[in-house]
*Asks:* 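First, the structure itself, so that you have it in front of you.
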Amino acid sequence: MDVYGSEMSIAGWRRLIDEAYSGELGEPILNVDEARGSHFDAIFVGGGSAGRFGAAVLRSLGGRPLVVERWPFLGGSCPHQACVPHHLFSEAARELDQAQALQGRLWYPKFDPTAASVLELVELFRSQRSGPHAHMNWQSAQQLDIESVVNAEAAVRDARTVCAAGRTFTTDALVLATGARTAMPGIEGETLPGVFDYASFIEDLDYEPRKIVVIGGSKVAVEYASFYRATGTPTTVVSRAEVLTSGGPALMDDDLRGFVVEQMHSRDLELLEHSVVTRILGEERVEGVEVQTPAGRRVIDADFVLLGTGERPNTASFAAALPLTYDERGFVVVDSRMRTNIDGVYAAGDLIGPPLEMFKSRRSGTTAARNIMGIAAEFHYDDIPDFLHTTYEVTWAGLTERQARERYDRVVTIQVPPLGMAPGDTPLPMAEGSMLYGFTFPERTGYQKCVIDADSRRIVGIHHAGYGAKDAFQYLHHLISRPEGLTIDQLGDMNELYISSDYFIGYARLRANQADLTSM
Ligand code: KPC
């Protein structure tokens, strides 16, 4: 189906996407300017965040990109199965967390755990997701002038040739951005009905889970477990190591992690660490899991199991044609300009390894595009802010306190609650949106730590659990990672719009003029 020049509306795209996704429309959708021929400056294989943003920047720089995508929409797993549903569920978890904690106080009614349904939220997402999908297609075609072939598998023939929709397209540069999928852990019973990963959870859930086991200690595992528990569903996490310690490039500060874990415990989310699921039990469908814990073997009843055991790259569309270098987990190796070992072939997004986050995908895709267009751009995705949602936002950037003490002679911290105190000792809101907790359950308002090299006075690490924490970190990370850095004195000169310690500004201001910095 050729839609080039049709100026399709968002509603029109939505109808088409719904038809394609239901199988009614079985053919590829081509948005290609045939008059310009079939040669491109860059072909992006995969139209997720990396491919779509890369193509947009290449077009902005005057190039001609083509995006080939197997799904009928651009945007990839983010609006389909990953970030967007995850943010919906995390927002629900936050609301449900307050509804349970505050039940019977103020205007909060008694919490009815049967009213909060995992299935209902999944169905809400499924029923509306083609809206964001359609927006991506409309924006890409109409506003960004990106040519695309969607609803079509790509087959890479060589570094300059891609086949899709029965056509052959050639290119000066190739950007591989085919994403990743869950790594199956190889546990007996993992294919039983009732075992899900983040994608099949969205696609296939058709019952209300009553008892949940999450396997893994990753961000995905902790985030989904927190959501399930917030709906009132009994949930157990089984993790080989301590949760949230394998991490992406940026490690979590010990105290931040301690706060997060303590908050999960206090909500009766069961964490079995240093434990291994040896078998998923059930005949027709999941009935439980067998776990080896440090205290011995246990059987846990469950009618729902989520695999949060990490991801592996999707390489099928190019592996045979391109002799690429892969790392030990199978991710494509690139340099800081997103170049692979093959001249003219770039890789971006989840395909190049953790963190599997949208912002890394977008930036790696745009870095590839700029280099293809002759701009020597670099992206170091081991120097990024990182985050997760439990029933809070939790975010961190720069060095942990432990890393800072290894690197610098004199390290001071600004902490809330203050050093040596427990969260409940500090009846202060920790961020915009935490005032209700500040006045009811102060132990729930959050945690903050700012790590400072006392000699240079530079902020070297920031760590925060609390509502809205993510918003400031994208800017703060940029400021602290500039060559000139950000000193406590400069941080203290910013304007804190909130009354409390928001993003460390108020506290930095209190300490800013201290000649010989001390912790607080
Ligand atoms: C719906 C939304 O804003 C997030 S979907 C992100 C996909 S993309 O814009 O291609 O990074």
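For ligands, and for the atoms within them, numbers begin at 1 and follow the listed sequence.
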*Asks:* Please could you name the atoms of ligand 1 that R362 approaches to less than 4.0 Å, counting only its heavy atoms?
*Replies:*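 The list of qualifying atoms is 6 (C), 8 (S), 9 (O), 11 (O).
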
*Asks:* For atom 3 (O) of ligand 1, state which one of H133, M358, M136, H135 supplies the nearest heavy atom.
*Replies:* M136

*Asks:* Considering heavy atoms of the protein only, find what lies nearest to atom 7 (C) of ligand 1 and give residue, atom and distance to 0.1 Å.
*Replies:*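 The closest one turns out to be G75 O, 3.5 Å.
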
*Asks:* Do W71 and H80 have ring centres separated by under 6.0 Å?
*Replies:* yes

*Asks:* Taking the basic N atoms (NZ, or NE/NH1/NH2) and the acidic carboxylate oxygens, is any pair closer than 4.0 Å for R444 and D97?
*Replies:* yes

*Asks:* Starting from atom 10 (O) of ligand 1, locate the nearest protein heavy atom and write down its residue, its atom name and how far away it is, to 0.1 Å.
*Replies:*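 Going atom by atom, the protein heavy atom closest to atom 10 (O) of ligand 1 ends up being R52 NE, 2.8 Å.
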
*Asks:* State whether Y346 and R337 meet the cation-pi test: NZ (Lys) or CZ (Arg) under 6.0 Å from the six-membered ring centroid, and within 45° of the perpendicular axis.
*Replies:* no

*Asks:* In the protein, which heavy atom is nearest to atom 4 (C) of ligand 1, and how far is it?
*Replies:*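 Closest protein heavy atom to atom 4 (C) of ligand 1: V84 CG2, 3.9 Å.
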
*Asks:* I'd like to know whether the aromatic ring centres of Y228 and F89 sit less than 6.0 Å apart in this structure.
*Replies:* no

*Asks:* List for me each residue that meets side-chain hydrogen bond (donor to acceptor under 3.5 Å, both in side chains) alongside S22, sequence neighbours excluded, and say none if there are none.
*Replies:* none

